[in-house]
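Comments concern the structure below.
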Amino acid sequence: MLDRSFLWGGAIAANQSEGAYREDGRGLAVSDYLPSAPDRIFNIRTQLDETLYYPYRYAIDFYHRYPEDIALLAKMEIRCLRMSISWSRIYPNGDDAQPNEKGLAYYEAVFQELQKHGIEPIVTISHFDMPMHLLTCYGGWKNHRLIDFFETYCKTIFARYKHYVRYWMGFNEINHIQTMPFIAGGILPDEEHRLQDIYQASHHMFVANALAVKHCHKMIPHAKMGCMIACGGIYPNSSRPEDVFETYQLKRRTYFYADVMMQGVYPTYSKRIFTEHDVRLKIQDGELALLRRYPCDYLAFSYYRSTNHQAGISIYGNTGGIMGIKNPYLRTSKWGWQIDELGFRLVLNELYDRYRKPLLVAENGFGTRDEVSEDGQIHDYERMDYLRCHVKMLMEARKDGVDVFGYTWWGIIDIVSAGTGEMEKRYGFIHVDADNEGKGSYKRTLKDSFYLYRDIIRSDGSCIDM
Ligand code: BGP
């Protein structure tokens, strides 16, 4: 019996797909300050340099092409599209007295187009593109004032879109604030007080998220509000107890964010982290009660790969999560991300055992180069292999008893890479003819993987076993 309720879908983000970065009143976002470069998410610039190329300015022009793109997604028979709203299209500076009507109207048109095709939107409220003005004028999430600005933004979009959207989530990969504080937390941490700034900003985001849960439930009674973490696999590099224990500690750095937002309390182990790193959180009256009263309804997470950790090595992370020591048992992508489908099943089981609430795979995908063959087709066998293996493990996790209600392939259509700003690191089942400098026809071409995913959706995953 096919489970028609399972939300097979795809995922994109506003800043990586829309372009039109100054159109219809959109304000500048933190993501607009990242030129294409391998280290761009770490080498932060707060000034624009017109001699550099900024890939998000045009991206794949989803802003204007969404009707055609959504029609192609409907042809793939996806049941949901995880997408984000660009905060600075709605409140260009983040602290504006009134919302930008053109921005509100744009997303209403996108939701109507999705509704026309029977595709359910799953909306990320802030996906690495906070209004830059909130950082330059207020210091970003380090400033308590951002809670009010975020609350106003949430109430505005809940009111306007309550008839179109029933699945929401607050911050994309909120735990990435630990390794990418600029795009994930909209802060420039003072290096001397790095962890103090990161955890204080995290606390403000937790409070803002709890208020979003409160207003979501009140304004859209049938809607669900989730939180979202990056959760790659992390294995101890040996059975040496130090490696095993420190790896567990490292996993807690990720779990911490879901612990607070799914369970509504600061976990007891966080006290030792704060003491050992001299973190003194400023918590205002009533905030802990708010967290306790408004935990999230589901947990969304991204999974791309796994890595090994050895006690004492320095921690490095990128958009795919923690990047530690290479695992000799795994294959590696052209971008150095190791392919571990069983790790995906493990993470699904671990997260469900820990939170006992519904899970959503909000990102799982394989970024690689595509070759357009003489017949104009794109036989993306590597990507199809990754998709088959990970869907197989998703089916196994569902048999393990994990309550996972959706799977949205990251980069359902080729879009700009978050980590490096490249188009050549392609994830999509639909090819977009654009290169790393934004040159090309922007023609859309269906890859072989497009048809494989459509079969997976039609068979609710069972075609994988055939
Ligand atoms: C996650 C982001 C996505 C996406 C993904 C893949 O961190 O939520 O925006 O980009 O990483 O990473 P990349 O695009 O760098 O390959």
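Numbering of ligands and ligand atoms starts at 1, following listing order. All figures in this text were calculated on a predicted structure; none of them were measured in a lab.
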Could you check, using the six-membered ring where one of them is a Trp, whether Phe366 and Tyr386 have ring centers closer than 6.0 angstrom?
yes

For the residue pair Phe301 and Tyr355, is the inter-centroid distance of their aromatic rings smaller than 6.0 Å?
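Judged by ring-centre distance (under 6.0 Å), Phe301 and Tyr355 do not meet the cut-off.
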
List every atom of ligand 1 that sits less than 4.0 Å from any heavy atom of [X], numbering the atoms from 1 in the order shown and giving each element.
{"X": "Gly419", "result": "13 (P), 14 (O), 15 (O)"}
{"X": "His127", "result": "2 (C), 3 (C), 8 (O), 9 (O)"}
{"X": "Trp337", "result": "12 (O), 16 (O)"}
{"X": "Lys425", "result": "13 (P), 16 (O)"}
{"X": "Tyr427", "result": "6 (C), 12 (O), 13 (P), 16 (O)"}

Region of Thr319 engaging ligand 1 - heavy atom pairs below 4.0 Å:
both

Checking contacts here: is it the side chain or the backbone of Ala13 that comes within 4.0 Å of ligand 1, counting heavy atoms only? Could be both or neither.
neither

Parallel under 30°, tilted from 30 to 60°, perpendicular over 60°: which one fits the rings of Trp87 and Phe150?
perpendicular

Could you check atom 14 (O) of ligand 1 against the protein and tell me its nearest heavy-atom contact, residue, atom and distance included?
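Result for atom 14 (O) of ligand 1: Ala418 N, 2.8 Å.
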
Residue, atom and distance of the protein heavy atom nearest atom 9 (O) of ligand 1 read Gln16 OE1, 2.5 Å

May I ask which of Met228, Met180, Glu363 has a heavy atom nearer to atom 2 (C) of ligand 1 than the others do?
Glu363

Between [X] and [Y], does any side-chain N to carboxylate O distance fall below 4.0 Å?
{"X": "Asp129", "Y": "Arg89", "answer": "no"}
{"X": "Lys392", "Y": "Glu396", "answer": "yes"}
{"X": "Lys447", "Y": "Asp370", "answer": "yes"}

Please assess Lys102 against Glu23 for the test salt bridge (charged side-chain N to carboxylate O under 4.0 Å, His left out), listing each intermediate value before the final yes or no.
CA-CA 9 Å; Lys102 285 187 175 173; Glu23 200 153 325; over 6 Å; no

